[in-house]
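The structure appears below as structure tokens.
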Amino acid sequence: MNDAAPAPTPAPAPRRARVRAPELIGKGGWLNTGGKDLTLADFRGRVLILDFWTFCCINCLHVLDELRELEEKHRDTVVIVGVHSPKFAHEAEHAAVVDAVERYEVHHPVLDDPELATWKQYAVRAWPTLVVIDPEGYVVAQHAGEGHAHAIERLVEELEAEHAAKGTLRRGDGPYVAPEPVASDLRFPGKALLLPSGNFLVSDSTRHQLVEIGADGESVVRRVGSGERGFTADAFSEPQGLALLPDGRVVVADTVNHALRTYDPATGAVETVAGTGRQWWQGSATSGPALDVDLSSPWDVAWWQGRVWIAMAGVHQLWTWDPAAETVAVAAGTTNEGLVDGPAAEAWFAQPSGLAATEDRLWVADSETSALRYLEAEGEGYVVRTAVGTGLFDFGHRDGDAAEALLQHPLGVTALPDGSVAVCDTYNHALRRFDPATGEVSTLATDLREPSDAVLVDGDIVVVESARHRLTRLRLPEEAVRVDAVAHRTRRAATEVAPGTLRLDVVFQAPSGQKLDTRYGPSTRLLVSSTPPELLAAGEGAGTDLFRELALNPAVTEGVLHVSAMAASCDDDPANEYPACHVHQQDWGVPVTVTADGTTRLPLVLAGMDA
């Protein structure tokens with residue numbers, strides 16, 4: 001008999017108060033529901049995942065792809081609802097959201113929230129953000145950024161088991177109703193290339209094909225690819241950029257396959273030449289044998305100085321592919337999102353999406369900063385400079401001196417014979433021109449529907465009107481068409497902060513079944529800067545803690561805090577010698593206004609459980 005006192009029963013872990021999910025409201029109404037308006041009550045008994053997204057955002061598009069497998073695997077218990085929350089003025093147009101839902105094959109209900117009403121109700125601060133709501137209508141998790149599908153699937157499985165046992169899980173078909181298909185030769189084409197034959201090769205992105213169009217710009221000569229999303233010799237996944245190689249082949253940015261492919265117009269052969277089909281993550285290789293290195297949403301390609309240059313939209317960089325050496329490498333950019341000029345290795349881009357090469361410059365349409373930028377040789381390397389644009393939050397349609405001119409999310413750029421460049425100013429539905437000789441920006445054409453690329457043909461310019469599903473031929477005018485100037489800033493309301501010291505906390509809790517990965521040193525990183533730089537008197541720069549004391553400059557009353565956070569976690573299974581590891585990363589741009597009664601703490605949720 002053991003006379004020792006029994007060990008005390010450990011107290012249960014404290015459980016935070018459950019938070020009832022706010023109602024879903026949006027002035028734009030519902031899409032993909034057959035015309036029915038939905039409320040949270042319609043999802044009772046199901047696991048509901050809210051995906052706060054905006055269609056300009058490459059990270060949001062990554063999340064759409066991450067969720068496809070989970071959506072299919074748990075289709076009888078999980079409902080995903082996209083909450084479209086616009087950044088740019090164009091994204092607040094209902095017709096543009098309708099187009100985006102079709103363009104990116106969103107197969108779940110979408111709430112169009114042009115005034116950010118639901119965004120504010122859920123205290124969202126970044127695109128993308130995922131919110132998980134349990135079958136009883138309570139918020140159980142929130143994750144900012146991409147790369148959370150693994151953690152969310154584990155949570156979904158736990159919720160399925162818990163609520164099946166309680167009798168509160170309801171299985172069955174979801175509320176998704178597919179829209180009627182529309183017949184057209186092209187569907188949201190992305191980029192175009194003039195072939196030596198005089199025909200056009202067009203990336204028919206939504207149909208996952210390349211289409212050869214006759215010299216008339218209308219007749220279909222042939223289609224390349226099955227039309228089904230895939231990564232085989234007969235399948236692409238949302239292809240975009242095209243460039244002609246010296247040997248006659250065409251290199252294709254196979255965007256959602258995270259790969260470069262080549263297409264030989266003479267034989268019809270399609271070959272993968274770079275990428276693994278997996279998305280690049282922090283810590284992955286940044287150079288090496290082309291078929292062994294992961295890429296991330298290559299959006300455009302251009303032949304320049306003996307290599308193929310890649311607008312790597314998914315990581316805000318420029319890469320190169322060397323066909324002779326069969327290697328890839330980072331050429332410019334740090335993976336931080338923003339507009340910073342300087343030596344190529346130190347420059348910041350924001351979703352570069354269009355490239356055009358001249359003899360001495362590589363022009364870049366840097367879409368998220370609404371900027372036209374370029375790369376040129378300097379000394380033994382390259383330097384990045386900005387011709388038009390000021391940063392992530394200023395955009396509009398303004399002609400005149402480049403220092404004052406405004407664009408809105410341009411996706412394409414084309415070198416013109418006189419040394420100037422044409423810019424497909426996508427969200428302004430316009431074709432713009434920048435003349436380096438004068439430093440002037442002018443408008444060549446308006447009333448184009450989401451132009452995404454353009455090619456020169458015999459003194460004319462043929463524009464890819466992506467949202468009109470066609471090629472449009474224009475005569476290049478001798479003088480630009482002037483339009484009334486319009487300027488915008490991002491629509492999000494500013495956070496009111498108190499003067500003096502502001503405590504920044506990035507909230508991160510390793511998802512269920514994972515732990516922080518500290519095997520090789522600190523597992524977290526925090527980078528802080530501001531626009532204007534004078535907003536911060538102290539606290540900018542990099543560090544390994546996910547908190548920071550920021551000193552605000554009393555002379556500056558408003559601006560934007562730029563915060564980039566990263567945390568690494570691994571599966572917490574002692575029996576597994578090689579646990580799977582995950583990188584959680586997110587960039588925020590937080591508009592702030594300094595007021596006497598503002599907050600002294602700014603929390604940003606990277607990943608954390610709410611219940």
Consider only side-chain N and O atoms of T327 and D322, and report whether a donor and an acceptor are under 3.5 Å apart. no
Could you tell me if T206 and R103 have a donor-acceptor pair between their side chains, going purely by distance under 3.5 Å? no
Okay, side chain of N32, backbone of P179: is any donor-acceptor separation there less than 3.5 Å? no
Counting only N and O atoms by type, is there a donor-acceptor contact under 3.5 Å from the side chain of D254 to the main-chain atoms of S237? yes
Using ring pair (Phe, Tyr, Trp, His ring centres under 6.0 Å) as the criterion, point out the one residue from Y382, W319, W303, W321 that pairs with W309. Y382
Flag for E71-H107: side-chain donor and acceptor within less than 3.5 Å: no
Mark yes or no for whether N199, through its side chain, and A215, through its backbone, hold a donor-acceptor pair below 3.5 Å. yes
Are any of the side-chain heavy atoms of E368 and C56 separated by less than 4.5 Å? yes
Return yes when atom CG of D173 has more than 12 non-hydrogen atoms of other residues, nucleotides or ligands closer than 6.0 Å, and no otherwise. no
Is T414 reaching over with its side chain to a backbone N or O of A454, donor-acceptor style, under 3.5 angstrom? yes
List the steps, then state whether side-chain contact (heavy atoms from CB on, under 4.5 Å) holds for E157 with K73. CA-CA 11 Å; E157 291 169 350; K73 184 176 179 181; 4.1 Å; yes
Mind listing the closest non-hydrogen atom pair of S203 and L242 along with its distance? N-CD1, 3.8 Å
Once rounded to the nearest 0.5 Å, what's the spacing between atom NE2 of H409 and atom OG of S452? 10.5 Å
Nearest atoms (heavy-atom pairs only) where E91 meets K87: OE1-N, 3.0 Å
Given side-chain contact (heavy atoms from CB on, under 4.5 Å), test F88 with E93 step by step and report yes or no. CA-CA 10 Å; F88 289 98; E93 299 173 13; over 6 Å; no
Taking the side chain as everything from C-beta on, heavy atoms only, tell me whether L456 gets closer than 4.5 Å to P417. yes
Checking E105 against R68 for the salt bridge (charged side-chain N to carboxylate O under 4.0 Å, His left out) test, could you report, in this order, the C-alpha distance in whole Å, the side-chain angles of both residues, the deciding distance, and whether it holds? CA-CA 10 Å; E105 298 184 300; R68 293 186 202 278; 5.1 Å; no
Check whether any side-chain heavy atom of Y427 sits under 4.5 Å from a side-chain heavy atom of F395, and report yes or no. no
Out of L201, V301, L194, V250, which one pairs with L244 under the side chain to side chain contact (heavy atoms under 4.5 Å, CB included) rule? V250
Side chain T33, main chain K36, donor-acceptor under 3.5 Å: yes
Rounded to the nearest 0.5 Å, what separation is found between the OG atom of S226 and the CG atom of D234? 5.0 Å
Pair Y104, F55 - check ring-ring contact (aromatic ring centres under 6.0 Å, His included), show working. CA-CA 9 Å; Y104 296 115; F55 64 78; 7.5 Å; no
So CG of L362 and CD of E376: to nearest 0.5 Å the spacing works out to 11.0 Å
Write down the atom of V211, the atom of D204, and the distance for their closest heavy-atom approach. CG2-CB, 3.8 Å
As a quick check of understanding, evaluate side-chain contact (heavy atoms from CB on, under 4.5 Å) for V252 and V270, giving each step before the final call. CA-CA 10 Å; V252 182; V270 174; over 6 Å; no
Tell me, with the steps shown, if E465 and R449 meet salt bridge (charged side-chain N to carboxylate O under 4.0 Å, His left out). CA-CA 5 Å; E465 279 197 88; R449 191 68 186 169; over 6 Å; no
Calculate, to the nearest 0.5 Å, the distance between atoms OG1 and CG belonging to T276 and D292 respectively. 8.5 Å
Is there a side-chain contact between T426 and S367 in this structure, where contact means two heavy atoms from C-beta onward sitting under 4.5 Å apart? no
H90 versus E450, side-chain donor and acceptor atoms under 3.5 Å: yes
Would the distance check show the side chain of T255 and the main-chain N or O of P298 forming a donor-acceptor pair, the cut-off being under 3.5 Å? yes
Can you name the nearest heavy-atom pair linking P410 to V423, along with the distance? CB-CG1, 3.6 Å
Are any of the side-chain heavy atoms of L474 and L444 separated by less than 4.5 Å? no
Counting only N and O atoms by type, is there a donor-acceptor contact under 3.5 Å from the side chain of D366 to the main-chain atoms of A350? yes
Any heavy-atom pair between the side chains of L431 and C424 that's under 4.5 Å? yes
D76 backbone acceptor or donor facing R46 side chain under 3.5 Å: yes
Only one of L318, T286, V315, I310 passes side chain to side chain contact (heavy atoms under 4.5 Å, CB included) with V330; say which it is. T286
What one should report as the nearest heavy-atom pair of A356 and A415 is CB-N, 3.9 Å
Gap between atom CG of L67 and atom CD1 of I49 - 0.5 Å precision: 6.5 Å
Whether the side chain of Q586 engages the backbone of A126 through a donor-acceptor N/O pair (distance < 3.5 Å, no angle test) should be reported. no
Just to verify, which of Q317, H316, Q282 counts as forming a side chain to side chain donor-acceptor pair (under 3.5 Å) with T335? Q282
Any side-chain donor paired with an acceptor under 3.5 Å for Q279 and E146? yes
When rounded to the nearest 0.5 Å, the distance separating CD of E69 from CD of E153 is 6.5 Å
Taking every non-hydrogen atom, the tightest pair across H62 and S296: CE1-OG, 3.6 Å
Step-by-step side-chain contact (heavy atoms from CB on, under 4.5 Å) determination, T369 to W348: CA-CA 10 Å; T369 54; W348 292 21; over 6 Å; no
Aromatic ring pairing H84/W53, orientation class (parallel under 30°, perpendicular over 60°, tilted between): perpendicular
pair L392-Q351: side-chain heavy atoms closer than 4.5 Å: no
Less than 4.5 Å apart, any side-chain heavy atom of L355 and any of W304? no
Is it the case that the side chain of S205 and the backbone of Q240 share a donor-acceptor pair, with hydrogens and angles ignored and the cut-off at 3.5 Å? no
Is it true that atom CD of E228 has more than 12 heavy atoms of other residues, nucleotides or ligands lying nearer than 6.0 Å? no
Salt-bridge contact R187-E102 (side-chain N to carboxylate O under 4.0 Å): yes
Pair E238 + R229: basic N to acidic O under 4.0 Å: yes
